[in-house]
Q: 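The structure that follows is given in the form of structure tokens.
This structure is a prediction, so every number in the text was calculated from the model and none was measured. Order of the sequence lines fixes the chain letters, A, B, ..., with proteins taken first and strands second; residue numbering starts at 1 for each chain.
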2 protein chains.
Amino acid sequence: MLLKENPVSHHDCEACPIRHRAVCARCDSDELELLEEIKYYRSFEAGQHIIWSGDRMDFVGSVVSGIATLTQTMEDGRTQMVGLLLPSDFVGRPGRNGAAYDVVATTDLVMCCFRKKPFEQMMETTPHIAQRLLQMTLDELDAAREWMLVLGRKTAREKIASLLAIIARRNATLHMSNASGELSFDLPLTREAMADYLGLTLETVSRQVSALKKDGVIVLEGKRHVIIPDLERLLEEAGDDSDGGVLG
Amino acid sequence: MLLKENPVSHHDCEACPIRHRAVCARCDSDELELLEEIKYYRSFEAGQHIIWSGDRMDFVGSVVSGIATLTQTMEDGRTQMVGLLLPSDFVGRPGRNGAAYDVVATTDLVMCCFRKKPFEQMMETTPHIAQRLLQMTLDELDAAREWMLVLGRKTAREKIASLLAIIARRNATLHMSNASGELSFDLPLTREAMADYLGLTLETVSRQVSALKKDGVIVLEGKRHVIIPDLERLLEEAGDDSDGGVLG
DNA sequence: TCGCGCGATTGATCTGGGTCAAAGATATGA
DNA sequence: TCATATCTTTGACCCAGATCAATCGCGCGA
């Protein structure tokens with residue numbers, strides 16, 4: 001509704017900031033040319049609904065910049081966030097017409113959209129796209145399962161610490177900074193959004209954030225800027241294995 | 001350890017009970033022949049660990065018969081089930097060497113395993129496999145996200161009803177029975193396993209099952225056989241949209 | 001047939017986080 | 001500058017589900 005065409009509509013894929021992380025990561029220049037023909041950019045303002053659950057979807061796409069949330073809502077209003085979309089994350093599901101979740105921009109956001117039909121055809125003919133999408137989907141499945149542990153078994157304090165750790169880590173990889181020592185980032189979520197992510201109330205989120213601050217696990221500059229003096233400490237609070245070692 | 005070679009080791013793929021639902025669903029007969037060369041069957045007894053989290057994986061595969069659970073465990077012993085594997089479900093992750101979760105057989109179980117390396121090579125050359133796997137992974141991601149809503153926002157009673165509804169539904173599609181009217185099935189999980197799935201204690205599970213029984217939402221024959229006199233009623237108790245309508 | 005063991009049930013009590021309510025910060029715009 | 005709105009914090013109290021503790025009941029092997 002309030003969408004506006006983006007000034008960089010004909011941005012060159014080769015120069016795209018998410019070129020090597022998005023669904024197109026494995027494509028060669030020929031394949032990129034085909035993609036350019038079916039792509040277009042859309043911009044959204046903070047707070048705007050990008051997709052309504054149940055809506056017919058005529059596009060899929062990638063987040064280029066900004067942050068969005070994927071949420072599910074029950075009839076009585078209880079809502080649960082089921083995904084956090086950062087730059088390079090994929091939106092939409094090939095092979096399905098209806099959207100299953102609400103997608104809401106939490107910051108100003110730019111999406112690189114592909115018309116759904118031709119994108120699905122390309123998936124059949126261009127293995128690089130399906131392969132990359134499979135990889136990304138498997139990663140998301142892992143993230144979702146990690147989140148199930150958080151939701152099902154962690155205490156409120158551990159939940160908050162887990163969320164901060166995840167955001168810190170994703171920010172770190174996004175900005176290529178060193179993942180140890182002091183980290184800091186702007187919290188892209190309100191207390192309410194954090195509560196929806198964690199299966200808590202916003203009051204409990206506020207209390208536990210204050211507690212972590214009081215205990216020196218985090219430092220706040222204003223309400224939104226978070227400094228992590230010691231990542232190890234935060235991970236301990238999150239109840240995560242201290243050695244974040246993963247095989248393979 | 002206790003594994004034994006299955007008598008039907010050289011079972012014909014064409015006659016396989018999960019032929020049209022598993023990762024090989026889209027393969028044609030030529031492709032099946034290639035798969036036959038890298039496949040082998042393994043049997044497990046109820047209670048046996050199939051995979052330990054952190055183990056090196058040298059195979060991937062499909063559940064042919066029986067039921068297994070995918071669980072995550074914290075150092076202090078808290079565990080959360082993150083997946084329920086029914087016949088035709090895929091096990092393992094191509095492109096990763098270490099297992100991320102424990103996989104445990106809850107009933108006697110038969111798996112159709114593929115040696116990992118050649119399977120990965122086939123994925124590169126045989127789009128039908130990667131395409132089917134993508135489809136299945138997207139379905140699992142949806143299931144995981146639905147589960148996040150259950151874990152994060154539903155009450156104990158709703159959680160139990162949700163679990164029963166999911167098992168009833170999966171059983172119904174598996175056995176091609178009509179999905180309405182009276183349903184019944186054998187609960188493949190102990191109260192403790194149900195608790196691990198739902199983020200509850202086994203006592204709470206027991207109490208809520210008793211409550212649903214007292215209220216006539218379910219009927220129990222023995223401890224494990226469940227009869228659902230009215231699926232609509234159960235779905236209401238689960239807090240699900242009464243019309244299970246999904247677009248596309 | 002008995003006794004053992006595991007899973008399930010049931011009861012009593014406790015508590016983490018929810019609920020309700022009231023202020024306190026910031027930002028925005030007239 | 002003040003009024004309004006949104007987000008956040010903090011306090012008091014409550015309750016759903018956890019915890020601790022018996023007990024039950026059924027299947028199985030000796």
Q: Taking DNA chain C as the partner, which of residues 188-200 of chain A come within under 4.0 angstrom of it by heavy atom?
A: A:Gly199, A:Leu200

Q: Does the side chain of A:Ile227 come within less than 4.5 Å of A:Ile218's, by heavy atoms?
A: no

Q: What residues in residues 146-157 of chain A put a non-hydrogen atom under 4.0 Å from any atom of DNA chain C?
A: A:Thr155, A:Ala156

Q: Decide, yes or no, whether a salt bridge links A:Arg233 with A:Asp215 under the criterion of side-chain N to carboxylate O below 4.0 Å.
A: no

Q: Could you go through the side-chain contact (heavy atoms from CB on, under 4.5 Å) check for B:Leu189 and B:Asp196 one step at a time?
A: CA-CA 10 Å; B:Leu189 303 172; B:Asp196 284 343; over 6 Å; no

Q: 5' to 3' on DNA chain C, which nucleotides open and close the contacts with chain B (atom under 4.0 Å from a heavy atom)?
A: C:dA8 to C:dA12

Q: Check the pair B:Leu187 / B:Met194 against side-chain contact (heavy atoms from CB on, under 4.5 Å), numbers first and verdict last.
A: CA-CA 10 Å; B:Leu187 204 47; B:Met194 291 173 69; 3.7 Å; yes

Q: Take atom CG of A:Leu220 and atom P of D:dT9, then tell me their distance rounded to the nearest Å.
A: 8 Å

Q: Over all heavy atoms of both residues, which pair between A:Thr204 and A:Ala156 is shortest? Give the atoms and the distance, please.
A: CG2-CB, 3.8 Å

Q: With side chains defined as the heavy atoms from C-beta onward, is the minimum distance between A:Met148 and B:Trp147 less than 4.5 Å?
A: yes

Q: Tell me, which of residues 203-214 of chain A have any heavy atom that sits under 4.0 Å from an atom in DNA chain D?
A: A:Glu203, A:Ser206, A:Arg207, A:Ser210

Q: Calculate, to the nearest 0.5 Å, the distance between atoms OG1 and CD1 belonging to B:Thr106 and B:Ile50 respectively.
A: 8.5 Å

Q: So that I can tick it off, tell me whether B:Arg145 and B:Glu140 are bridged by a salt bridge, with the cut-off set at under 4.0 angstrom between side-chain N and carboxylate O.
A: no

Q: Between A:Arg96 and B:Asp142, does any NZ, NE, NH1 or NH2 come within less than 4.0 Å of an OD or OE carboxylate oxygen?
A: yes

Q: Less than 4.0 angstrom from a charged side-chain N to a carboxylate O is my criterion; do B:Arg93 and A:Asp139 meet it?
A: yes

Q: Report yes if the side chains of B:Gln80 and A:Lys154 come closer than 4.5 Å at any heavy-atom pair, otherwise no.
A: no

Q: When the side chains of residues 59-72 of chain B are checked against the rest of the protein, which donor-acceptor pairs come out under 3.5 Å, sequence neighbours left out?
A:
none

Q: Quick one: are A:Thr137 and B:Leu141 in side-chain contact, heavy atoms under 4.5 Å?
A: yes

Q: Please give the angle, rounded to 10 degrees, between the axes at the start and the end of the helix from C:dT1-D:dA30 to C:dA30-D:dT1, where five pairs define each axis.
A: 30°

Q: Does a salt bridge link A:Arg78 with B:Glu158, judged by any charged N lying under 4.0 Å from a carboxylate O?
A: yes

Q: Would you name the heavy atoms of A:Leu151 and A:Tyr197 that are closest together and state the gap between them?
A: CD2-O, 3.6 Å

